Number of protein chains: 2
Amino acid sequence: MADPPERTFSETDQAIMEATYRALREHGYADLTIKRIANEYGKSTAAVHYYYDTKDELLAAFLDYLLEQFVDSIHGVETTDPEERLELLLDELLVKPQENPDLSIALLEMRSQAPYKEAFSERFQQNDEYIRYMLKAVVNHGIDEGVFNDVDANHITRSLMTIVDGGRTRAVVLDNLEELETARRTASEYVDAMLR
Amino acid sequence: MADPPERTFSETDQAIMEATYRALREHGYADLTIKRIANEYGKSTAAVHYYYDTKDELLAAFLDYLLEQFVDSIHGVETTDPEERLELLLDELLVKPQENPDLSIALLEMRSQAPYKEAFSERFQQNDEYIRYMLKAVVNHGIDEGVFNDVDANHITRSLMTIVDGGRTRAVVLDNLEELETARRTASEYVDAMLR
DNA sequence: CCTACCGATCGGTAGG
DNA sequence: CCTACCGATCGGTAGG
């Protein structure tokens, strides 16, 4: 499986994406309006509509922009030793979100709209597949090297993603970053129990 | 810890709550309007406002109505044998949601609004505490009876909730009920690994 | 409880 | 890219 398709953003596109990012962190997804994006952009709403015909189109582009950055950060984990690499990937998924709680809130809002917006659904689906692919590869690598038990890598991977998404959801809903630490510990316990 | 406080609903209140429930399942939370609730109620929007001054007030009441039903269903698990009871509680949390996917979608939407609506936050928080209390009691019961290892019941409980919320979130976002089954299996694996 | 309505806000567009 | 504006929709209310 190759990396997800890349998308090119002109400097203007980038400026609008960053404006969207700021508006989203400040007001949340439910209160994200073209006007607020335009304010952050520093121009009129018509200027935003000049580059993106509809709000939906802009938001789809924004998800591409955001998830690309996320994929890059996952990609940045270069350690190859399976045991260490798995822990570092889990850190990336559960420790790093602590740096930006406002974004986590907005992202859960957007995820909750996936059932109504196919453009969202497609992108979250693809992103999830990519992360699962990365995790599965490490697990299989560990099995091949004999450091992990010969388990159902597909299931283990899905279980870890369940723990990751559970920690993220709970951190937002219960407004408590410790939920991410709990989930991180749970993930390690699960890895220990199933892979050794 | 006692059961969460009960709230009394008149027949009119009940009718409005059921109308809200239907409107929510049909249109989702983001598109839930007083007009749509009134349509389901079969009367005018002014009629709805006659009983609930504001939309926020109505939604807070609705969450009470909904979470009370949920607590009742958890309360309905009467088995006392710790091992069996834990499995039945997990079934209640992860198998039963499969019956009503539309409600699960709307509930995730509402959960994602907790950071912006204190009335929501309070209620989800209280509901979570109650479920954790029920789970913790079973784990401690099992420890006392010697069928479970002497573990940190608090942590085990939070881990299980993480798996539960992960399964629920993923089922909605990825539009796949199998995510709940995966989470159910993960929960059993975790219980097996940590408690035996 | 209804009819009728208000002010506010939204996404989007015409015309330049 | 801006100013100015449109039609649609929202939550809520006045008056009965």
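Letters A, B, ... are given to chains in the order of the sequence lines, protein chains preceding strands, and every chain is numbered from 1. All values below were derived from every heavy atom in this structure, side-chain atoms included, with hydrogens, water molecules and symmetry-related copies excluded. Please read these numbers as outputs of a predicted model, since none were measured by experiment.
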Worksheet item: Can a salt bridge be assigned to the pair Arg184(A) and Asp91(A) using a cut-off of 4.0 Å between side-chain N and carboxylate O?
Response: yes

Worksheet item: Reading nucleotides 11-16 of chain C from the 5' end, what letters show protein touch, with B for base, S for backbone sugar-phosphate only, - for no heavy atom under 4.0 Å?
Response: SBB---

What pairs meet the side-chain hydrogen bond (donor to acceptor under 3.5 Å, both in side chains) rule with one or both residues in [range], with sequence neighbours excluded?
range                       : answer
residues 38-47 of chain B   : Arg22(B)-Glu40(B)
residues 142-153 of chain A : His141(A)-Glu145(A)
residues 104-124 of chain B : Glu109(A)-Gln113(B), Glu109(A)-Tyr116(B), Gln113(A)-Glu109(B), Tyr116(A)-Glu109(B), Asp56(B)-Lys117(B), Asp64(B)-Arg123(B), Arg111(B)-Asp165(B)

Discussion item. So Leu58(B) and Asp53(B), do their side chains get closer than 4.5 Å, heavy atoms only?
Written reply: no

Practice prompt. Side-chain contact test, heavy atoms from C-beta onward, threshold under 4.5 Å: evaluate it for Glu179(B) versus Leu94(B) and give yes or no.
Written response: no

Item to complete: Return the residues of residues 7-27 of chain B meeting this criterion: a heavy atom under 4.0 Å from some atom of DNA chain C. Order them by number, or give none.
Response: none

Worksheet entry | Nucleotide pairing, DNA chain C (Watson-Crick or G-U, distances under 3.5 Å), in dot-bracket with [ ] and | | ||||||||||||||||

Discussion item. Could you check whether any side-chain N or O of Thr169(B) sits under 3.5 Å from a backbone N or O of Gly166(B), counting only pairs where one atom can act as donor and the other as acceptor?
Written reply: no

Item to complete: Determine yes or no for a side-chain-to-main-chain donor-acceptor pair under 3.5 angstrom, with Arg36(A) supplying the side chain and Asp31(A) the backbone.
Response: yes

Fill in: Nearest-angstrom distance from the residue atom NZ of Lys43(B) to P of dC1(C)
3 Å

